[in-house]
Protein chains: 2
Amino acid sequence: MSSAAKKLNEEEICLLGTSCAEVSFNAEDIIVKQNALSTNIAYIKEGLVKIHINGPIRERIMKIVKAPAYICLPSNFGDKINHFSATALEPTTVCFIDLNLFKKFIYDNGDFAYQIILDMSRGELQNFKNCLNNAQKQNIGRIADAILFFATEIYNSNTFNLPVTRQELADLTGITRESASRILTDFHEDKIVEIKGRQIVILNEGLLRQISEKG
Amino acid sequence: MSSAAKKLNEEEICLLGTSCAEVSFNAEDIIVKQNALSTNIAYIKEGLVKIHINGPIRERIMKIVKAPAYICLPSNFGDKINHFSATALEPTTVCFIDLNLFKKFIYDNGDFAYQIILDMSRGELQNFKNCLNNAQKQNIGRIADAILFFATEIYNSNTFNLPVTRQELADLTGITRESASRILTDFHEDKIVEIKGRQIVILNEGLLRQISEKG
DNA sequence: ATATCGGTGTGCGTTAAATCACATTTAGTT
DNA sequence: AACTAAATGTGATTTAACGCACACCGATAT
């Protein structure tokens, strides 16, 4: 997603090398935790991450982010507290960049700043789309959406392993685990998606898209 | 909201003056229209605006934006098409800034770029909060939320005139007009909020907050 | 092999909210 | 002042989805 890193010059990359801590995470490891103090930007170098918030009632997954991408911007620039958690869904490599260095890049390097703004713009549109889907589609449409999202945005294939549990799929789509489960079996029985545990094969993409559109 | 404009130097403000078109809008006037081509950034200089999207089923208000603020960033930076509409809710003054000029400011003026990124960060957090509220609260909590939002974020007073119709209030909270209407009368009967048409007086803020929290 | 535990599937009653239908108020026009 | 159109209120009905219950399955530990 983010190509901002490419915009850094040699000198800046050198600076990065010295003041950036690269850390590896396994699936389900917490990368950043909501409400914790933070003075870092996290650059997702490799892997897949969920951004989630502890809501008033239950957990809510705001989005799934694929490397490469910067996260924690909204946290750090508002106050110094993380307003959400980030958890690895697959083995993930993260570079923690000092906030001041990041700020320096923005000030000194217009290309970099512009790319960051581009990324954030795309992110906002994505958020709008998510909100819309969640607000106006019924459960079956949301699950169809989520499956298509993983197929097209994350894995570029109609065959893939779900990187999330049923509960997480529910948290992502804003429905209950039970409803998510029921809809998956429906899809399976109707031969729209072959489902075996976390293994997914989209059999009838056309129909799945129709379900997603119609809500 | 946005203080980015303050970060422009004299030369830049001069440039702005020559290549920026200032336009006045009345309530309900469309400022930018979804799906239209666009090569401008809109700077809301004065007034109140709703950002809304034509969803699969019905209209959806993504957010209410108070001057001063930049909008259309997500539109312009993705492709050249507006991904949402913006409509004035009150008399509003807008400066349309050429995209290239805006880009130049970002490249040349680190302060400006940083401020824009700050604004967008705050915006993203706000979006997250909205999504969360809409996803996990029941109707009564969402309406309580909306009333508190206008009181605290927009008017800084417990007495104000709703800048939106009942239908818009419903579109903002993601519920139906009928449900919104019913809840408002409930609030009125329970002496939580005095409601007379669009005139709002919050009588029992504590209880309203409790309703908002509990969902 | 047995026990334990987290994740999962599924039936059923309950409920919040949408939908439909219509009455009523308000605002803007002739 | 009368008339239209739009916005709003309110009751009755229907429905999607939740919440609860429990059964099941496949790991890992004992």
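So that the names make sense, note that chain A is the first sequence line, chain B the second, and so on, each numbered from 1. Everything quoted here is computed from the prediction, not taken from an experiment.
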Quiz prompt | Sequence-aligned protein contact record of nucleotides 10-23 of chain D, with B where the base is within under 4.0 Å of a protein heavy atom and S where only the sugar-phosphate is | solution = BBB----SSBB---
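- What separates CD of Gln167(B) from C1' of dA18(C) is a distance of 13 Å, to the nearest Å.
- Atoms CG (Leu184(A)) and C1' (dG9(C)) sit 11 Å apart, rounded to a whole Å.
- Atom CG in Asn26(B) sits about 13 Å away from atom P in dG28(C), given to the nearest Å.
- Between Arg166(B) atom CZ and dG9(D) atom C1' the separation is 9 Å, expressed in whole Å.
- Between Glu22(B) and Lys45(B) there is a salt bridge, with a side-chain nitrogen of the basic residue lying less than 4.0 Å from a carboxylate oxygen of the acidic one.
- Taking CD from Glu205(B) and CD1 from Ile202(B), the interatomic distance works out to 6.0 Å, rounded to the nearest 0.5 Å.
- Using modelled atom types and a 3.5 Å distance limit, the side chains of Asn127(B) and Asn127(A) yield no donor-acceptor pair.
- For the side chain to side chain donor-acceptor pair (under 3.5 Å) test with Thr87(A), the passing option among Glu28(A), Lys50(A), His52(A) is His52(A); the others fail.
- Sulfur atoms SG of Cys131(B) and Cys131(A) are positioned under 2.5 Å apart.
- Taking five base pairs at each end of the helix from dA1(C)-dT30(D) to dA27(C)-dT4(D), the local helix axes there meet at an angle of 40°, rounded to 10°.
- Within the model, atoms OH of Tyr70(B) and CZ of Phe102(B) stand 6.0 Å from one another, a figure rounded to the nearest 0.5 Å.
- Using a 4.0 Å cut-off between a side-chain N of Lys or Arg and a carboxylate O of Asp or Glu, Arg177(B) and Glu168(B) do not qualify as a salt bridge.
- Donor-acceptor pairing under 3.5 Å is recorded for the side chains of Asp171(A) and Gln167(A).
- If you take CD of Gln136(A) and C1' of dA17(C), they are 15 Å apart, rounded to a whole angstrom.
- In this structure, Leu207(B) CG and Ile192(B) CD1 are separated by 4.0 Å, a value rounded to the nearest 0.5 Å.
- The separation between Arg198(B) atom CZ and dG9(D) atom P is 11 Å, rounded to whole Å.
- Atom pair Phe187(A):CZ and dT8(C):P shows a separation of 17 Å (rounding to whole Å applied).
- Atom C1' of nucleotide dT8(D) and atom NE2 of His188(B) are separated by 14 Å, given to the nearest angstrom.
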